[in-house]
Student: 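One structure coming up, written as structure tokens, with questions to follow.
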Amino acid sequence: MSGLQIGFNKPYTSGKEFEYIAEAVSSKHLSGNGKFTKACQEYLAKKYGFHKCLLTTSCTDALEMAAILINIQPGDEVIMPSYTFVSTANAFVLFGAKIVFVDSGEENPNIDAGRLEQLITKKTKAIVAVHYAGIACDMDTIMDIAERHNLFVIEDAAQAIDSFHTGKNGKKALGSIGHLAAFSFHETKNIISGEGGMLVVNDTRFEKRSEIIWEKGTNRCSFYRNEVDKYGWVDIGSSFLPSEITAAFLLAQLEAIEDIQATRKKHWERYYTGLNNLNDIFRVPYVPPYATNNAHMFYLVCKDLNTRSGIIQKLRSAEIHTVFHYQSLHKSPYYLEKHDGRPLPWSDLYSDTVLRLPMFYELMETEIDRIIENIGLIKNKL
Ligand SMILES: *Cc1c(COP(=O)(O)O)cnc(C)c1O
């Protein structure tokens with residue numbers, strides 16, 4: 001949308017989306033939880049070892065479902081990074097939670113698991129692990145702390161489709177490790193449906209209730225399975241289901257996932273090879289040995305804010321659109337006064353220095369080379 005020659009993002013379509021949407025329309029089942037919804041949920045559960053999947057209209061919705069499921073009450077504390085998207089925190093704040101922000105690590109913007117335990121109090125209910133850029137948090141440490149303190153772990157896996165963590169339980173897909181996980185299919189993610197998301201329920205205790213919350217607080221899912229002879233209002237909930245039109249679009253994307261991922265990873269590797277050690281005004285992403293790269297994002301961590309602004313400007317004049325990312329939530333207009341005042345220097349550093357490069361399926365090798373070349377020219381000329 002920038003009007004520049006090389007834009008930042010371009011949503012991918014395989015072409016099959018239209019066929020599946022036409023099929024959904026002619027089937028006369030347009031509301032949620034139909035054939036396409038079930039196909040997407042089964043596909044993802046089987047491929048990634050998720051216990052139960054429920055499509056939602058966004059990752060934001062899936063996070064709100066998680067807050068309801070763990071029964072967030074006013075005053076409950078939820079620990080999460082400050083360097084994340086608004087929804088990660090807002091979903092819990094809606095139900096009265098107090099957010100306790102933990103700083104990012106030195107190596108990458110994920111939470112520094114070593115700083116978690118000192119933040120736990122009697123009121124702590126959950127830890128939200130955000131896998132920034134689809135690169136896993138230190139899940140062994142996080143799960144171990146949660147287990148010892150009887151806390152829930154919710155993975156904000158919005159960016160983390162098709163990425164993995166290798167730990168003491170072997171290699172596991174992100175989203176299959178925490179008690180609950182939330183994915184996004186927003187058009188800026190790897191797999192898209194315009195707006196869309198999914199709640200993953202790995203802890204079987206949440207299985208029944210998740211369906212009720214999903215269906216506006218009713219037991220309609222049980223009714224459809226003929227387990228009850230009428231359905232009614234049994235709990236709180238909301239309208240979290242996407243329509244079959246959205247699910248039809250998503251299924252076409254899922255069927256192309258191998259190709260999408262292979263192509264994005266090729267782009268990512270090309271950036272990495274071209275930019276690693278190119279100069280000392282930025283560094284490239286760090287992927288810990290326990291994590292994989294799902295090529296959601298290629299970012300640079302620039303030397304400082306001025307360097308980043310300079311690179312954005314230089315690239316803009318070369319018709320290349322790059323963007324910065326999150327601003328620390330503990331300094332946001334909404335939360336500044338509510339935050340407990342602890343400084344979070346790494347979160348602030350990433351707010352000032354992360355620069356995201358164009359990353360989308362149709363990006364051409366010649367375009368990536370041109371981006372690398374232009375970044376190479378910048379050295380010492382800011
Ligand atoms: C994109 C994103 C979200 C929000 O996803 P929606 O589907 O737009 O609600 C939440 N958390 C993170 C980390 C994200 O990247």
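For ligands, and for the atoms within them, numbers begin at 1 and follow the listed sequence.
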Student: Would the Tyr335 and Phe101 ring centres measure less than 6.0 Å apart?
Tutor: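 Between Tyr335 and Phe101, the centre distance is under 6.0 Å.
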
Student: Can you report which non-hydrogen protein atom sits closest to atom 7 (O) of ligand 1, along with the distance?
Tutor: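 Of every protein heavy atom, Ser184 OG, 2.7 Å lies nearest to atom 7 (O) of ligand 1.
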
Student: Decide whether Ser14 and Glu255 meet the rule of one side-chain donor and one side-chain acceptor closer than 3.5 Å.
Tutor: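 Checked: Ser14/Glu255 side chains show no N/O donor-acceptor pair below 3.5 Å.
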
Student: Side chain or backbone of Cys59 under 4.0 Å from ligand 1, or both, or neither, by non-hydrogen atoms?
Tutor: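 Under 4.0 Å from ligand 1, Cys59 contributes backbone and side-chain atoms.
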
Student: Show me which atoms of ligand 1 lie under 4.0 Å from any heavy atom of Ser58.
Tutor: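 Every atom of ligand 1 under 4.0 Å from some heavy atom of Ser58: 7 (O), 9 (O).
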
Student: With heavy-atom distances below 4.0 Å as the criterion, list the atoms of ligand 1 near Val130.
Tutor: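 Selected atoms, number and element: 13 (C).
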
Student: Using a 4.0 Å heavy-atom cut-off, which part of Thr60 comes near ligand 1: side chain, backbone, both, or neither?
Tutor: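 Both backbone and side chain of Thr60 come within 4.0 Å of ligand 1.
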
Student: Without hydrogens or angle criteria, can the side chains of Thr188 and His186 be said to hold a donor-acceptor pair below 3.5 Å?
Tutor: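 Result is yes, a qualifying pair exists.
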
Student: Can you list the ligand 1 atoms lying under 4.0 Å from a non-hydrogen atom of Ala158?
Tutor: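 Counting from 1, the qualifying ligand atoms are 2 (C), 3 (C), 10 (C), 11 (N), 12 (C), 13 (C), 14 (C), 15 (O).
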
Student: Under 4.0 angstrom from ligand 1, any heavy atom of Tyr326?
Tutor: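 Tyr326 counts as a contact of ligand 1 under the 4.0 Å cut-off.
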
Student: Report the member of Ile192, Val86, Thr188, Asp156 with the shortest heavy-atom distance to atom 11 (N) of ligand 1.
Tutor: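 The nearest heavy atom belongs to Asp156.
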
Student: Determine the sole option in Thr307, Val301, Ile311, Val323 for which the side chain to side chain contact (heavy atoms under 4.5 Å, CB included) test with Leu355 is passed.
Tutor: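 Testing each of Thr307, Val301, Ile311, Val323 against Leu355, the sole residue satisfying side chain to side chain contact (heavy atoms under 4.5 Å, CB included) is Ile311.
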
Student: Does Lys189 have a heavy atom less than 4.0 Å from any atom of ligand 1?
Tutor: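 Yes, that is the case, since the closest heavy atom of the residue is under 4.0 Å from the ligand.
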
Student: Is any N or O atom of Thr84, backbone or side chain, closer than 3.5 Å to an N or O atom of ligand 1?
Tutor: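 No; every N/O pair is 3.5 Å or more apart.
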
Student: Could you tell me if the ring centre of Phe183 sits under 6.0 Å from that of Tyr48?
Tutor: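 Centroid separation for Phe183 and Tyr48: 6.0 Å or greater.
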
Student: Would you check if the side chain of Thr218 reaches a backbone N or O of Glu215 as a donor-acceptor pair within less than 3.5 Å?
Tutor: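 Between the backbone of Glu215 and the side chain of Thr218 there is a qualifying donor-acceptor contact (under 3.5 Å).
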
Student: Using distance alone, decide if ligand 1 has a nitrogen or oxygen within less than 3.5 Å of any nitrogen or oxygen in Ser87.
Tutor: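 Between Ser87 and ligand 1, no N or O pair is found under 3.5 Å apart.
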
Student: Counting from 1, what ligand 1 atoms have a heavy atom of Gly196 closer than 4.0 Å?
Tutor: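 With Gly196 as reference, the close atoms of ligand 1 come out as 7 (O).
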
Student: What is the ring orientation for Tyr326 with Phe85, classed by angle as parallel under 30°, tilted 30 to 60°, or perpendicular over 60°?
Tutor: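 Plane angle between 30° and 60°, so tilted.
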
Student: Check contact between Ala182 and ligand 1, using heavy atoms of the residue and a distance below 4.0 angstrom.
Tutor: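 For ligand 1, residue contact (heavy atoms, under 4.0 Å) with Ala182 is absent.
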
Student: Specify the protein heavy atom at minimum distance from atom 4 (C) of ligand 1: its residue, its atom name, and the distance to 0.1 Å.
Tutor: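 Protein heavy atom with the smallest distance to atom 4 (C) of ligand 1: Phe85 CD2, 3.7 Å.
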
Student: Check this for me - ligand 1, Glu195, N or O atoms closer than 3.5 angstrom, yes or no?
Tutor: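 Glu195 vs ligand 1: no N/O contact under 3.5 Å.
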
Student: So, for Tyr299 and Tyr350, is the gap between ring centers shorter than 6.0 Å?
Tutor: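 Not close enough - the centres of the two rings lie 6.0 Å or further apart.
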
Student: Answer yes when Glu367 and Arg270 have at least one side-chain N-carboxylate O distance shorter than 4.0 Å, and no when they do not.
Tutor: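 No, no charged N to carboxylate O under 4.0 Å.
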
Student: Applying the salt bridge (charged side-chain N to carboxylate O under 4.0 Å, His left out) criterion to Lys35, which one of Glu244, Glu42, Glu23 satisfies it?
Tutor: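 That would be Glu23.
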
Student: Looking only at protein heavy atoms, which one is nearest to atom 15 (O) of ligand 1, and how far off is it?
Tutor: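 Nearest neighbour among protein heavy atoms for atom 15 (O) of ligand 1, to 0.1 Å: Gln159 NE2, 2.8 Å.
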
